Number of protein chains: 2
Amino acid sequence: MNDILGNQNPLERHLGYWMRLVSNEVSNAFARALADRQISVAEWVALNHIASRAHSTSSAIATSIGMTRGAVSKILDKLESKGLVSRVASADDNRVQTLSLTRDARRLLPKLTAIADANDDHFFSVLDESDRNALRALLQKLADLHQIRDIPIE
Amino acid sequence: MNDILGNQNPLERHLGYWMRLVSNEVSNAFARALADRQISVAEWVALNHIASRAHSTSSAIATSIGMTRGAVSKILDKLESKGLVSRVASADDNRVQTLSLTRDARRLLPKLTAIADANDDHFFSVLDESDRNALRALLQKLADLHQIRDIPIE
DNA sequence: TATTGTTATACTCTATAACTATA
DNA sequence: TATAGTTATAGAGTATAACAATA
C-alpha cells in the first residue's frame, strides 16, 4: 500500500524515511513497554552497560551512549532512587565511582530483557528468517561502513 | 567490527537495535544539516505537507504526523514567523485555515530537498543498487505488515 | 593542570486540557 | 454539541558550563 503511488511523496523517495518510519515504530513500542515498568530507554541501556562489565563507570556510559556526563549523572540518580544501582567510590581513584546493580536490579533485568525480546520478536517475526538475516546484514553493513559507534537512546 | 564478538551484547541481538543505530545516524545528520538553515525536521515535514496538497490544514498535518493540534500550531507559528507559511481563513468554513507557502518558502524548499537528497545519498550510496533495493523492499514490507502510518518526525 | 562526577540553568519539544470562535 | 485552532501549563530529556574533589 505504501508504494501504490510509486513513492511520489518527496519524503518517501528516501531510504532514510523508511528507516525512520520502521525504527520509530519498534522503538516507541519498546519505550511504551518499558514505561509500564517505570523505566526509560536510557535507563535500560545504562542497566545493561553496568550488567555487562565488571567495573562500569559514569564516564564510560557517557562515552558509550554519546551523552554528556551531566545527563548520565541524572540517569544514575534515577536508577539509584529506584534502588537499582549503587555507586561506590573506587579504591584506586577516589574520583571514580564503580557502578553495580542491586539485587532488585539483577532480578528485574531478565524481565526487561524478556520485554525487549518480545518486542523485537513481535515486530520482526512477520518476516521469514532469510529476510531477517538479510535485513540484519544490511544494517550491520551500514553501521560498519559508516563506523557508527554510539548506542542509540532516542 | 560491530559483530566481531558475535553480538554477545544483549542489545545487539535485536534487529530493532540495529534499526535504531542506523536510523539515528541518518536522521541526526539530516537534522543537523537542516539546522544550518534554522529549520527543524518537524518544520520540514510540515512544509512538504503544505507543498504537496492544494488545501493543507493544521488538523490534517496533525493527523498525518501523529502530533497534537497544539504542537502543530506552534510549528506553524514558527514557520509563519520565518515568513515561510501563511494562514488564510477558509471561505467555506471560518474555523478552518488554509495553509500555503510563501514565495520565500517556494524558493527555499528545493534547497531543502537537495539537502535531504544529498543526506540520503551520502548515507546509502555505500550500498550497491541491489542492496538498496533489498533494504527498501524489506522496510516497506515491515511498514505494510504493521500498517505504520504516521510520518516520522523524531 | 587534567579528570570524575555533580549541579544550576536553560532550552527544545511535546502533551494535556482549557479556551475562543465558529458550525 | 462538535470541530478548528490557540494558548497556558507542565513535564521529559538533554546540553552547557561552572563547580568540588581528587589525581
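As a basis for the values below, the full set of heavy atoms in this structure was taken, side chains included, without hydrogen atoms, waters or symmetry mates. Here the structure is a predicted model, which is why all the values come from computation and not from measurement. Numbers restart at 1 for each chain; the letters A, B, ... are given by sequence-line order, proteins then strands.
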Rounded to the nearest 0.5 Å, what separation is found between the CH2 atom of A:Trp18 and the CD1 atom of B:Ile148?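 If I round to the nearest 0.5 Å, the distance is 9.0 Å.
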
Round to a whole Å and report the spacing from [atom1] of [X] to [atom2] of [N].
{"X": "B:Leu76", "N": "D:dA4", "atom1": "CG", "atom2": "P", "answer": "15 Å"}
{"X": "A:Gln38", "N": "D:dG11", "atom1": "CD", "atom2": "P", "answer": "16 Å"}
{"X": "B:Arg87", "N": "D:dG5", "atom1": "CZ", "atom2": "C1'", "answer": "9 Å"}
{"X": "B:Lys78", "N": "D:dT6", "atom1": "NZ", "atom2": "P", "answer": "15 Å"}
{"X": "A:Leu79", "N": "D:dG13", "atom1": "CG", "atom2": "P", "answer": "12 Å"}
{"X": "B:Asn94", "N": "D:dT6", "atom1": "CG", "atom2": "C1'", "answer": "16 Å"}
{"X": "B:Arg69", "N": "D:dA8", "atom1": "CZ", "atom2": "C1'", "answer": "15 Å"}
{"X": "B:Asp93", "N": "D:dT3", "atom1": "CG", "atom2": "C1'", "answer": "8 Å"}

Name the nucleic acid region contacted by [X], choosing base, sugar-phosphate or nothing; use a 4.0 angstrom heavy-atom cut-off, strictly under.
{"X": "B:Ser58", "result": "sugar-phosphate"}
{"X": "B:Ser73", "result": "base"}
{"X": "B:Ile61", "result": "nothing"}
{"X": "B:Ser59", "result": "sugar-phosphate"}

More 5' along DNA chain D: B:Val96 or A:Gly66, using each one's nearest nucleotide?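 Counting from the 5' end, the first nearest nucleotide belongs to B:Val96.
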
Could you check A:Ser40 against B:Gly70 and say which one's nearest nucleotide on DNA chain D is further toward the 5' end?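 Looking at DNA chain D, the more 5' nearest nucleotide goes with B:Gly70.
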
Given the structure, check if the side chain of A:Lys74 and the base of D:dT14 hold any donor-acceptor pair shorter than 3.5 Å.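 Indeed, a donor on one side and an acceptor on the other fall under 3.5 Å apart.
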
Which two nucleotides bound the region of DNA chain C that has atoms under 4.0 Å from heavy atoms of chain B, read 5' to 3'?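 Extent of the interface on DNA chain C: C:dC13 to C:dA23.
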
How are the rings of B:His146 and A:Phe123 set relative to one another: parallel (under 30°), tilted (30 to 60°) or perpendicular (over 60°)?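 Parallel, since the angle between the ring planes stays under 30°.
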
Whether the A:Arg53 and A:Asn48 side chains hold a donor-acceptor pair (N or O, under 3.5 Å, no angle test) is what I'd like checked.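 Not at all, the side chains of A:Arg53 and A:Asn48 share no donor-acceptor pair under 3.5 Å.
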
Compute whether any side-chain donor of one residue and acceptor of the other, for A:Thr102 and A:Ser86, lie under 3.5 angstrom apart.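 Short answer, no.
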
On DNA chain C, nearest-nucleotide positions of A:Ala71 versus B:Arg95: which is more 5'?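 The 5'-side residue here is A:Ala71.
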
Checking B:His49 side chain against B:Ser56 main chain: does a donor-acceptor pair fall under 3.5 Å?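 No; judged by distance alone, with no hydrogens or angles, the pair does not exist.
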
Regarding B:Asp117 and A:Arg13, does a basic nitrogen lie under 4.0 Å from an acidic carboxylate oxygen?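 Yes.
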
Do NZ/NE/NH1/NH2 and the carboxylate oxygens of A:Asp77 and A:Lys74 come within less than 4.0 Å?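 No, this pair does not count.
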
